[in-house]
Structures are given as C-alpha cells and as structure tokens.
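Chain letters run A, B, ... following the sequence lines, proteins first and then strands; every chain starts at 1.
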Amino acid sequence: MPQEKDTLIRDERYNAHQVEEKWAERWQADASLYAAERNSTKPKYYVLEMLPYPSGALHMGHVRNYSIGDALARYMWMNGYNVLHPMGWDSFGLPAENAAIANQTPPREWTLRNIANMKTQMKRLGFAYDWSREVTTCLPDYYRWNQWFFLKLYQRGLAYRKKSKVNWCPKCATVLANEQVLSNGCCWRHEDTLVQQRELEQWFVRTTKYADELLRDLDRLPGWPEKVRTMQRNWIGRSEGTLVEFKLYSAGGDVITVFTTRVDTIFGATSVQLAPEHPVTQKLAAGDPELSAKVAQLIAEQVQAKESDKIGEIEKHGVNTGHFAINPYNGEKVPVWVANYILMDYGTGAIMSVPAHDERDYEFAKKYGIPIKQVIVPTDVGRTFLSDNAGSEAKMSDKNVRPTHGDELPFTTLDGKLTDSGEFTGLSCEDAIEKMSAYAEQKGFGKATVTFRLKDWGISRQRYWGTPIPMVYCDKDGVVPVAEKDLPVILPDKVEITLTGGSPLLRVPEFLNTTCPKCGGPARRETDTMDTFVDSSWYFYRYTNAHNDEAPFDSAIAQYWFGDKGIDQYIGGVEHAILHLIYSRFWTKFMRDMGLLKNDEPVERLFTQGMVIKDGRKMSKNLGNVVSPDEMVARFGADAARMYSLFASPPDRDLDWQDTGIEGIRRFLARVYAFFVEGPPVQSGTYKPEYAVNDLTPRAKGILRKLHQTIGKITEDFKGRWHFNTSVAALMELLNACNAEQEIFALHGDAPAPLAFRADVQRKLVLLLAPFAPYLAHELWEMLGEKSNLFKAPWPKYDAELAKEEEIQIPVQVNGKLRSVIVVAPGTAEPEVIERALADPKVQSFVAGKQIVKKIYTGKLVNIVVR
RNA sequence: GCCGGGAUGGCGAAAUUGGCAGACGCAGCGGACUUAAAAUCCGCAGGGCCCAAAAGGCCUGUGGGGGUUCGAUUCCCCCUCCCGGCACCA
C-alpha cells in the first residue's frame, strides 16, 4: 500500500502564508540580520536597487526590481561577500503636495505614512535590506546635506543664478528642467499639459562644466547597457564645429556669429539665416514694422510646432530682412534671412546657409531662388581627375574639376574635396575644416569650438515639498549664502499649499523673513526649493554612513564601498537612463573634485530591467490592469510573487504578468515542499556526507548528476547573463528529476539510496532555492535540522566530475537532417563513433546505394554527407 | 532621418562557442483519484501528410528574400514590421 501513503502525504498542502508570516516575524526581530559588517576581511559588494518614490504602495515593477537585487544580494552573501544592500525613500516631490490639496493631509504626514506602508510591504516580501541605513530624503538629517552641497557648488561657481526662460507647467505651477519636458512639449507628470515659457530668476548647476568628461567616461563603463550609454551620448550631444563672425553690411557694425560643423563649405554660403528670436533679428525688426510682423509670425509658428510635436516637420520658410552680411573668408555679401527652422537654443541661433551641401539649406534655397553654389566635389571625381591628368593635387584648380550637376546636389558627405574655395581649394573636407578653423582664429573672426546639447541644470522649483535653497537676499549685500553652521534651513511644517501664486513658502513670513548672514540686517530667504533629482544624485553615498551628522558621509567609509569604480551593481528601470544617471555621474565628479571621493563614476555595473506589463500594455489605473503586490502575496505568497517575476521573462525584457503563470510557481513551491515532507525525516543538520558516490545505483547517480548540472547552471546565470528565468527552470527540472525517481528517496522503495544521499540532495536544493524563494528555503532548512543561518550558508560547489554524463547521445544526421541518435561513452574516439553511426539501421537506410562524400564528427554530432 | 533593442508553438519563453529547434512553465487534451467538482498525480502535445487505427514513417518549420557552410534561430547582405531614445542639432 505504499502508493496510498504517497498520495496522502502529497496532498498535504504547503501553507505559504503560515510559513512566511512566521519567518517575517523572526527576521523583523533581528535588526542586525542583513547589516553589512564593519572591518570585514571579506571582499565587499555593494548591490543597490533604485530607491522608490513613496507614492503609497509598491507596484509590480518594484517587486521585479527588488527581486532581482535581492536574489543577487543573497547569492553574494552565500558566496562569502560583505554585502551592502540598503534601501531608502526618494520622498520629496510634487505628489505629496497634490495629495495634500486633495485630502487636506500635510505632505510630511502623507509621505511618512506611505513610507511606513511600503516598508511593511517590503518586509513582507522578504527583501533583505539593512534598514539601519535607511535614507529618507525629506528629513532634515538628509536634506541638510543637499544644502551643504549647494553651498559648496556656489563657492566653486558651479551654482549660479540667472534670469532665464524656463519651462513652466501650469498644472504643477512650477518650473521644470529640460529633462522633465516630454518631446511633445508636455509636462512629464501631466502628459496632456503643454509646458509654457516664462522668465524667472533661477538657480542653475553648471553640469556643462563636466560635459566633456561625462561624455568621455561613458567609454569607461563597459558594465553599462549599450542602450543607456547611447542615450546619454545623444543627450549630451557633443558637436565639433566652428564659430564664424559675419559682419552686417548695412546696420551699425553688428556681428552675426554662426555655428557650423562644415566650415569647409563656407565658400558656398549664399545666405545667413537667423532664428526668429535672435537678438539681431529683434534689432533689425525693431525699426521695420513689416519685418517685425513677419518675425512674430515665425515665432508663433515655432511655438505652435513645438506644442504640437511637429517640430522638424513644419514647412521651412522665412523672410528676407533686406540686409546683408559679409562672409569673412571671401568678402562676399550675402543676404540675411530669418527662418522658422533655426532654433535659438542650439549653437548660436544663426547659421550660414550652404544650399549645395546641406539638405535643409538646399530645400530653402530652391524655394526662394537663392543661388546654389557648389564648393565640394566628390573625392572619386577628384581621383578621376588626378589619374586622367597625372597632375599633382596642388595643380588641381576649379577649371579642371567638373562640378557635378545640380540634380546630384546637395552633396552632404565628407568624402569630397574643395573647389572654388580660394586658397583652400583642393583640400579634403576634413583637412579644410581644421585649416579653415585655424585661419579664422588667426584672422580673429572665428575659431574652432564645441557645442553641447546638454544644458546647465535648472534646479529651482516654486514648490513647497523640497529642500529649501540655502540663500538669503539682502537689500544691502545682495545674494548671500546661509552660513554652514546655520544649516539646515528647515522646511516649515504648517504651510498652506496651493498650485498657484508661486512658491508656497513666500506666504510663510516666519520662514521668509530672516537676517542677512553678512550684515545682520533684515533679509528674505530664497523661497524656491530644489529639484528632487538633487536628492537622488548622491543618496547612495549616504547609505555608507547614514547617521553622520558632521558630514554627508565619511570619505574613508564611502571609499571602502565604492572602491575606485563605484557601486558594484545598480539595478533599476531604464526610465532613469538619462536624468538620474547623468545627474548622479555629475555629482560624483563634483564630489571627487572636492576631495571627498576617489572614484570618477558612481556605478560600475548597471542593469536596467524591463517593464512589467499586463495584456500587452503598461499597467495603469486608467486601463484598469494594475496587479497589486499585496493581492499577489495574499493569493500566492511572497516567494511565488518574487519567483514568478524572475521566471516569466529574462530580467532585461518586458514581463507580461499572468495570474495563471504565478499560479504555476505556487504549484512548484508546493511540490518542493512535498518532496521534503514525504518519506522519512532527515536531519541533514547532523548528517555527514557518508555515502560513496560509487555505491549509488545508476539512477541515484543520475540524480546527483542533475544536481550538479543545476548548481553549474544557476551559478553561471548569476555570474553571467542573469537569465534567472532559466535558473528557475533548472530548479524545476531538478525537482522533476527527483520526483521521477521517488523510490530512491523513499524508505519503502525497492532500492533506497542512503539517507545521507537524500540529505545531500535536499540540502543543496534548499541552498539553490534560497536566493529566489527565501521563505520556503528557510523553512526547509530548519526542517532539515540545520542550525546555521541559511542566508550566509555557503553556496554549493559545482563538481564538474559529478555533472559529467556517463553516456552521451550523439545525433546522427545524413546530409544535415537528423536521422538517428546513437549512445556512446564519453571520450569515444571519432572512428568508432562514425563506425557506430554508419552501422545504425536508420542511417543505413538513408546511406544505402549512395556515395559517402564526407563524414563529420564534432564531438557533439555526426553528419554523413552522401551523394 | 540617425542611434539602440526586438520578431521562435495558442501564450510567456529556451537553445551561452554555428551542431537534436521549442527546455521550463501557462493554457489545452487524455487518464487516475472522487458520488461529483476542485485540488493533486500520471501521460500527450510545433504544423502538415502517409497509415483503418496504433506503432512508425515522410515532409516542413525560428518575420521575408538571398548568401556562406557538411550543417544557420545563431554568421554575412538586402527588406518588412514592432519597441525605446534623439532629432529642422546647423
């Protein structure tokens, strides 16, 4: 009757809830459980997941993110590393103010309540964080260091104030950084609200000072996804070119400086084009009502195009100012136009127009009948000329080179030589760019230059819930920084929050009115607060030394954890590929230059996980397809939720959440549990591996082989590609293999293996399970009688000998098509394998009567080629 | 337009170095257990064709077309579509 017994025991269900609650309670009781060690002799490993905004509750994206990080942290602990695995809260920001307006709850209260709730969720999910290092950015013990850094930036000229056009979101009632404006001109938080332009005095951080280094060091980040590096390269947008001054011919000596990447084409410039908002445009229009009206029209068009996301698509057109400018290279008078496709915020807002060698200029010139003058000829034409005439390059002159015809224009590549370009004629484009830039500098009308798309970082926000900018305005002394000893400038608590009328702090007299740090006279505080991206630019340094009240962190401790390359592994969503990660890189370089750090970069290896989607679409409340982690934990357990988020898809790809899928994982976990519960209790805690591999039956050896193959597979996944979906699949295969050989593990079977064998297999299975399903793993570990803490138990060693197959299957192809499979012992010599393959009856039937052309054996497969 | 990433059964996916395509799981189908259902366990399963059926056999198949190779999901060329980033960037 053993079968009956089996069935009975197997029906005993794994009560995930009971088990998980039990362990959650135990883990909470020990605050030091996941603490990083001080003065450890172990190698350090800093694994970090991006800190969440405390919006109220975790979503599935968080669960996925943290499941990846937690599995890695646990794996590293088990491999003997001193692991730093902290968590915190990016807790300043607008939603708290919106919530305050909506439910009459102060932002602070709302935020702290959300944090408490999300922390409970994280603990219930079993994430192994060192909570003693928790960082909450909205608390003064953190944001005071934002203020401190601001003062340091200010001292170094890296923070400055300027009146500037800012992006203003009417719904947020605040200024947005360029990075927070979507490509359709809308606010990143209000995707249907157009961002407007306003002039305000703003604080800026000089990120452009590091533009070159930020770009260059991208090449030193091989541990980052290529995609992210590319996005940052695009964002920084470095462009080498030349500034050239065109003097206005008519009006009083005004100069138009154009930026061009193709100064080699300047002899073909047949007009100068100004942005409608260019100062010279404004000046020329000032005395010319007709022109003024047309320019206004062009500006309106640009604004409209930007707003409707049609920039780049609007028809190019412009207006001739009637004025002329002088090309300093050849003294030619060229007309000055104003055009709707010239942008004021790139380069100098003015270009030289070379229709023959630029698509847009060509289009524009065709439309308005502006002359098209070719000054570059393709190199192969030049070569033809050279070989035909056997002449030297120096001799080549405009007469001898036949310009290509108009219908081949515009010719825009650099594979050409100059013609009709005075003393530069005959040079290659690349040579010409260099020589002509040098010429401009020598003659004093221009120079080689580099422009960036990257702009300085505007950090002022007319909002309440952020770090107060520690500056004071005094009628006598002007702009005065708050003294370091007076930090933090505390954000007041009882503030009326509205979305209009500028910063809410303006209406708090006890905050606003202060004394000047210099003269002691009456003064006003800056009422703007900092962009929350300031908070997240350096928070991961604070984790290393979270309770330091004399400095943002201790340099020596930070250097221990960051080494010279930064965080060992950073994990988060690709949506932070640009903003957060560029600001963080900037901040690190700034702190390095302050002498606080040795590392040039904050993050050595970056992993960007895919999104969690449902029914093929991003989860959103509007679509009603949101999956709640709480519900998943309640229905399937935390282990199942975590493991499914790793199993359903490779971590870097999007994951389509399916409730039936997580159900499958729950079943798997229940089967694992059943595998341990049934049969005789084995106390592996007291077991010694007292079984000889050679005494095992072939089938037991098969299990052992599978076990070691699984160890090898999962270890490889952690070291390499992080395809945890296949790690979990391997665990399933291992369990399936064990279940297929039940009698080996059962006392009542025909040929039970030694109990020590069973204990060995089960013990290692638990170790392999631990990073993915910590609750069940801990429970089983205890059931096995283990006394040590599982989370630092040594990761099982892979034994290649034990993993090796005793016999291997060799597929046999005839003409590349699979016809049979033969079984041979490993190491069988090629002639024998081929002989055996040819002897196979199925192979015979395909080979008979044909001529064997080739016999291939690769060690894995045989292919017989016949004719 | 430029840059990056993709496309494999009904679905999520696997195949890490050019070597048995579809591991593992979901859904499905058949069976066991049950009064029944659920749960659980066992089994089948890319598509098409041959065969009364089964066993078995044959052909075909990784977005499309070509190439290299004994052999291509994998390498090369061309094309289509999807996702993401940048973009009148001078």
Q) Counting only non-hydrogen atoms, which of residues 849-865 of chain A are less than 4.0 Å from RNA chain B? A) A/Lys854, A/Ile856, A/Thr858, A/Lys860, A/Leu861, A/Asn863, A/Val865
(Q) With a 4.0 Å limit, can you tell me whether A/Arg653 has a side-chain N or O closer than that to the phosphate oxygens OP1/OP2 of B/rA14? (A) yes
Q) Is A/Arg667 near enough to B/rA27 that one of its side-chain N or O atoms lies under 4.0 angstrom from OP1 or OP2? A) yes
Q. Any side-chain N or O of A/Arg721 less than 4.0 Å from the OP1 or OP2 oxygen of B/rA15?
A. yes
Q.
Mind checking if A/Asp654 touches a base, just sugar-phosphate, or nothing, with heavy atoms under 4.0 Å?
A. sugar-phosphate
**Q.** Nearest-angstrom distance from the residue atom CD1 of A/Ile808 to P of B/rG19
**A.** 16 Å
Q: Name the closest nucleotide to the A/Thr726 side chain, picking from B/rG12, B/rC20, B/rA15.
A: B/rA15
Q: Classify the nucleic acid contact of A/Gly237 as base, sugar-phosphate or nothing, counting any heavy atom under 4.0 Å across all strands shown.
A: nothing
Q.
Can you give me the closest heavy-atom contact between A/Phe364 and A/Lys316, atom names plus distance?
A. CD1-CB, 4.2 Å
Q.
Does B/rU60 have OP1 or OP2 under 4.0 Å away from a side-chain N or O of A/Lys817?
A. yes
Q.
So, OP1 or OP2 of B/rA90: does either fall under 4.0 Å of a side-chain N or O from A/Thr348?
A. no
Q. So what does A/Phe668 hit on the nucleic acid, given a heavy-atom distance under 4.0 Å: a base, only sugar-phosphate, or nothing?
A. nothing
(Q) Let's see if you can work this out: which of B/rA14, B/rC26, B/rC89 has an atom nearest to the side-chain heavy atoms of A/Tyr346? (A) B/rC89
Q: Describe the nucleic acid contact of A/Arg819 in one word from base, sugar-phosphate, nothing, applying a heavy-atom distance below 4.0 Å.
A: sugar-phosphate
Q.
Regarding A/Ile342, tell me which of base, sugar-phosphate or nothing describes its non-hydrogen contacts under 4.0 Å with the strands shown.
A. base
Q. Side-chain donor-acceptor pair under 3.5 Å between A/Gln709 and A/Glu733, yes or no?
A. no
(Q) Once you apply a heavy-atom cut-off of 4.0 Å, does A/Asp652 come out as touching a base, just sugar-phosphate, or nothing? (A) nothing
Q) How close do A/Thr412 and A/Arg262 get, heavy atom to heavy atom, and via which atoms? A) O-NH1, 2.9 Å
Q: Describe the nucleic acid contact of A/Pro650 in one word from base, sugar-phosphate, nothing, applying a heavy-atom distance below 4.0 Å.
A: sugar-phosphate
Q.
Nearest to the side chain of A/Lys227, heavy atoms from C-beta on, is which of B/rG25, B/rA14, B/rG4?
A. B/rG4
(Q) Looking at A/Asn736, I'd like to know whether one of its side-chain N or O atoms comes within less than 4.0 Å of OP1 or OP2 on B/rA23. (A) no
